[in-house]
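Only one structure is covered here, and it is reproduced in the block below.
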Amino acid sequence: MSLIVQKYGGTSVGTVERIQAVAEKVAKSHRLGYQLVVAVSAMSGETNRLIGMAKEIDAEPCLREMDVLVSTGEQVTIALLCMALKNQGIEARSYTGGQVRILTDNAHGKARIREIDGHRIEADLSAGRVVVVAGFQGSDEDGNITTLGRGGSDTTAVALAAALKADECQIYTDVDGVYTTDPRVVSRAQRLDKITFDEMLEMASQGSKILQIRSVEFAGKYNVPLRVMSSFEEGPGTLISLEDDDQMERAVVSGIAFNRDEAKLTIRGIPDQPGVAYKVLGAISAANIEIDVIVQNVAKDNSATITFTVHRNDLNQAEKLLNQIAKDLGAQEVDADDRIAKVSIVGVGMRSHAGVAATMFEALAEEGINIQLITTSEIKITVVIEERYLELAVRALHSGFDLDAPDAEQA
Ligand code: ASP
Ligand code: MG
């Protein structure tokens, strides 16, 4: 008998009626003969509401108590869903993360799952019950409640699927799958039938917010086939899995990802000596500022220029640090720019095709878009451009790589 883990996000369980609709969906799968474990989020808006109350009391509330508080959102949903399932004639049992022993480390607010003891769940499944587990939460070795970071219910679902060796992990959400790019930017964006873990990871870390990044890492590591599908419409969704062999069928580029969350810093005229990159970037990292794209170049006069990007929220702090470093190293100047955007083309097909970068640069050149930085990985090419050209760039690349929906071509 196949075992499926289903996860329903906040919007899917946002009202009592919606919880009842989820119960109908779960009941339908159960009647088809599947064994089912269901992980749920808090009702939409609930986690934010709880955080808001805490902040009214203390701007920086104690992290342990924060986890006790925010984990209640999911506890509400599991109980209501089990009641709704009972109405459907389905025997179901709800469990908090701690009860099914989702053992995590003790990093409150961003805990990592160490181990899941599947015995209790397996016993229920064998008895024909549906098991409903609260997403987003676990408990540490001492029994303290922990949470896995915002969006963490995705990770709960994938971790349960991995621990129970489920045949598939289905993530039900308010979109019907993963798209070639954001349909709000490109109306001709298309739903992908399938995508690999690596591609999804690149898409997610480049700004596509459908799944928590950690859940995709987890799914890839344990090879759990993930399917993103809509709670509100029927459809096959998008299957995220390991790369298969039919290279022939594969598009060179699967999707275009972008984000506007970054800012660019440049330090010029650094005397080029061993260790300067370390001095510059080491100091930024030491301040816990995450660095993304990095480019270094050395001019004829032996002075180095280093450019890198950070999250926009970190720009001010990073700029201050960089000015200090420039003084210490005797560098000429520091430049900060927050009107940038990052656009990436992503596709495992790139590995076996030449000329992908040229096609990308040509599409941007045709629109007169200047490229400020370029970085590549095996399955991704990223450019940093001026923010105001972002949408134009995404549309140009989407059609440049033949990703536009076919009906649009006829128009
Ligand atoms: N309720 C949590 C959040 O809003 C976890 C989740 O929904 O995945 O982030
Ligand atoms: Mg979510």
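Keep in mind that this is a model prediction, so the values were computed, not measured.
In terms of the salt bridge (charged side-chain N to carboxylate O under 4.0 Å, His left out) criterion, Asp314 has no residue partners (sequence neighbours excluded). For His30, the side-chain contact (heavy atoms from CB on, under 4.5 Å) criterion is met by Leu36, Ile90, Val130, not counting sequence neighbours. Listed by chain and number, the residues in a side chain to side chain donor-acceptor pair (under 3.5 Å) with Asp182 are Arg184 (sequence neighbours excluded). Taking the salt bridge (charged side-chain N to carboxylate O under 4.0 Å, His left out) definition, one finds that Asp174 meets it with nothing, sequence neighbours left out. Take Asp193 and apply the salt bridge (charged side-chain N to carboxylate O under 4.0 Å, His left out) test, not counting sequence neighbours, and it matches Arg191. For Glu362, there are no salt bridge (charged side-chain N to carboxylate O under 4.0 Å, His left out) partners, not counting sequence neighbours.
Residue pairs meeting the ring-ring contact (aromatic ring centres under 6.0 Å, His included) criterion with at least one partner in residues 363-405, sequence neighbours excluded, are absent. Applying the ring-ring contact (aromatic ring centres under 6.0 Å, His included) test to pairs two or more places apart or on separate chains, none has a residue in residues 54-84. Listed by first and then second residue, the side-chain hydrogen bond (donor to acceptor under 3.5 Å, both in side chains) pairs involving residues 162-171 are Gln6-Gln170, Glu168-Gln170, Glu168-Arg227, Gln170-Tyr172 (not counting sequence neighbours). Under the ring-ring contact (aromatic ring centres under 6.0 Å, His included) criterion, no residue pair touches residues 278-326, with sequence neighbours excluded. Applying the side-chain hydrogen bond (donor to acceptor under 3.5 Å, both in side chains) test to residues at least two apart or on different chains, the pairs with a partner in residues 62-73 are Arg64-Asn144, Asp67-His108, Asp67-Thr147.
Of the charged side-chain nitrogens involved, none lies within less than 4.0 Å of a carboxylate oxygen, so that Asp154 and Arg214 do not count as a salt-bridged pair.
Residues Leu211 and Ile171 have side chains in contact (heavy-atom distance under 4.5 Å, counting atoms from C-beta outward).
When only modelled atom types and interatomic distance are considered, Arg150 and Asn48 share a side-chain donor-acceptor pair under 3.5 Å. A donor-acceptor pair shorter than 3.5 Å cannot be found between the side chains of Ser215 and Thr155.
Atom CZ of Arg112 has 12 or fewer neighbouring heavy atoms from other residues, nucleotides or ligands inside a 6.0 Å radius. In Gln99, the CD atom is crowded: over 12 heavy atoms of neighbouring residues, nucleotides or ligands sit closer than 6.0 Å. The 12-atom threshold is exceeded at NZ of Lys25, counting heavy atoms of other residues, nucleotides or ligands nearer than 6.0 Å.
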Under 3.5 Å, which donor-acceptor pairs do the side chains of residues 73-87 form with other protein atoms, sequence neighbours left out?
from, atom 1, to, atom 2, distance (Å)
Glu74, OE2, Ala42, N, 2.9
Thr77, OG1, Ser41, O, 2.9
Thr77, OG1, Gly73, O, 3.1

